[in-house]
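Input: a single structure, listed below in structure tokens.
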Amino acid sequence: MPMSRKGMSGALLACALLLSGCVSVPDSIKGSSQLPQQDLLRVMNAPQLYVGQESRFGGKVVKVTNLNGLTRLEIATQPLDDSARPRLGAASVGRIFADIRGFVDPVDLNNQYITVLGNIKGTEKGEIGKASYNFVVVDVRGYQRWHLTQQVMTPPQPIDPWIWYGPTRRHPGYWGPNPYWGMNMNTGPAQVQTILTE
């Protein structure tokens, strides 16, 4: 049975909407559970309840400490978006220690944005400046380092004020001023937006 022109355009529109809604979490931080724990405040309030649970936290690496066979990251965590990227400009939710097995050069991760995936080991006392602090400790199985990138967001460009609408079965066609000219046109300067990319 042949598909009508309206049916085909409707199907294409539905596919485009479905695909535009897809968000992808990188494989290195996907995890094995459907939704790893991402609420640090909840974990900090009752850490013993979450020991052994898979978690995913992200933010800015504040400090990197290399130990024998282990690299410890101190991360100022931020809320994550749907693709597990830290939300730029969001306030820190708290700090965690993320333990990565093996050696990771501090130059590669210090002051970088990162998302880590791993099981919660518990808490450990530490300091931020001279204040004591209880850090949630995560045994890292995977991590994703993010790169700051800037993109230019150009406003929509105005269309030609004179337009030709070709003939259809019910309409002979039209040549003249565009009836939509000047509606909702932002002709301001282009905006530069900072985003995180893989």
Side-chain angles (χ1 to χ4, degrees), residues 21-151 153 191-198:
C22 294
V23 208
S24 174
V25 174
D27 290 337
S28 60
I29 55 172
K30 247 185 194 151
S32 56
S33 64
Q34 186 71 14
L35 184 63
Q37 181 57 254
Q38 294 183 173
D39 189 347
L40 183 61
L41 293 177
R42 184 175 287 172
V43 174
M44 289 170 64
N45 286 332
Q48 66 281 5
L49 296 176
Y50 297 96
V51 172
Q53 186 175 353
E54 187 176 57
S55 65
R56 181 169 48 218
F57 300 112
K60 191 167 190 175
V61 177
V62 178
K63 184 177 173 186
V64 180
T65 307
N66 293 104
L67 307 167
N68 286 332
L70 186 77
T71 300
R72 173 165 275 185
L73 309 179
E74 182 179 329
I75 301 172
T77 63
Q78 295 170 292
L80 302 178
D81 66 11
D82 292 338
S83 55
R85 292 179 173 91
R87 292 184 192 272
L88 290 178
S92 174
V93 178
R95 297 216 182 163
I96 65 168
F97 283 146
D99 292 342
I100 301 173
R101 290 186 195 104
F103 177 82
V104 179
D105 198 327
V107 172
D108 293 336
L109 295 179
N110 208 18
N111 290 321
Q112 300 293 316
Y113 286 94
I114 192 170
T115 301
V116 295
L117 173 82
N119 291 345
I120 296 171
K121 293 199 301 191
T123 59
E124 192 173 306
K125 290 195 180 296
E127 289 185 345
I128 299 176
K130 294 190 179 191
S132 60
Y133 190 84
N134 283 330
F135 289 86
V136 172
V137 183
V138 176
D139 184 23
V140 176
R141 284 197 326 263
Y143 66 93
Q144 174 68 47
R145 187 177 121 197
W146 304 103
H147 303 281
L148 280 172
T149 306
Q150 290 188 328
Q151 67 181 9
M153 305 295 289
Q191 302 291 320
V192 177
Q193 184 180 29
T194 303
I195 60 169
L196 291 174
T197 59
E198 287 185 47

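Remember, it's a predicted structure, so these values are computed and weren't measured experimentally.
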Tell me, yes or no, whether the heavy-atom count around K30 atom NZ, taken from other residues, nucleotides or ligands under 6.0 Å, exceeds 12. yes
Using side-chain heavy atoms (C-beta onward) and a distance below 4.5 Å, is R141 in contact with S32? yes
Rounded to the nearest 0.5 Å, how far does OG1 of T65 lie from CG of L70? 9.5 Å
Are side-chain heavy atoms of W146 and P86 found at a separation under 4.5 Å? yes
Residues in salt bridge (charged side-chain N to carboxylate O under 4.0 Å, His left out) with R145, at least two apart? none
With rounding to the nearest 0.5 angstrom, report the CD1 to CD1 distance, I114 to I75. 5.5 Å
Please identify each residue that fulfils salt bridge (charged side-chain N to carboxylate O under 4.0 Å, His left out) with D139, with sequence neighbours left out. R101
If you compare all heavy atoms of P36 against all heavy atoms of L117, which two are closest, and at what distance to 0.1 Å? CG-CD1, 4.1 Å
Validation row: R56, V25 side chains within 4.5 angstrom (heavy atoms): yes
Minimum side-chain heavy-atom gap P47-I120 below 4.5 Å: no
Does any non-hydrogen side-chain atom of L88 lie less than 4.5 Å from one of L148? yes
Heavy-atom pair with the smallest gap, counting every atom of Q37 and V43: CG-CG2, 3.6 Å
Does N111 reach the side chain of K60, with side-chain heavy atoms less than 4.5 Å apart? yes
Within a strict 4.5 Å, meaning less than it, do heavy atoms of the D99 and V137 side chains meet? yes
Looking at every heavy atom in both G31 and E54, which two are closest together, and how far apart are they? CA-OE2, 3.3 Å
Of the non-hydrogen atoms in T115 and A84, which two are nearest, and what is the gap between them? OG1-O, 2.7 Å
Distance-only side-chain donor-acceptor flag, Q78 / R87, under 3.5 Å: no
Can you run down the salt bridge (Lys or Arg N to Asp or Glu O under 4.0 Å) pairs that involve residues 34-48, sequence neighbours left out, and say none if there aren't any? D39-R42
List in chain and number order the residues that pass side-chain contact (heavy atoms from CB on, under 4.5 Å) with Q150, two or more places apart in sequence or in another chain; answer none if no residue qualifies. V192, T194
Decide yes or no for V104 and Y143: does some side-chain heavy atom of the first lie under 4.5 Å from some side-chain heavy atom of the second? yes
With sequence neighbours excluded, tell me which residues meet ring-ring contact (aromatic ring centres under 6.0 Å, His included) with F135. F97, Y133
Scan the side chains in residues 122-129 for donor-acceptor partners under 3.5 Å anywhere in the protein, sequence neighbours excluded, and list what turns up.
residue, atom, partner, partner atom, Å
E124, OE1, R72, NH2, 3.3
E124, OE2, R72, NH1, 2.7
K125, NZ, N134, OD1, 3.4

Residue that, paired with V116, satisfies side-chain contact (heavy atoms from CB on, under 4.5 Å) out of I100, I96, I29: I96
List the atom of Q144, the atom of P26, and the distance in Å for their closest heavy-atom pair. OE1-CB, 3.7 Å
Which distance, rounded to the nearest 0.5 Å, do you find between the OG of S28 and the CD of E198? 7.5 Å
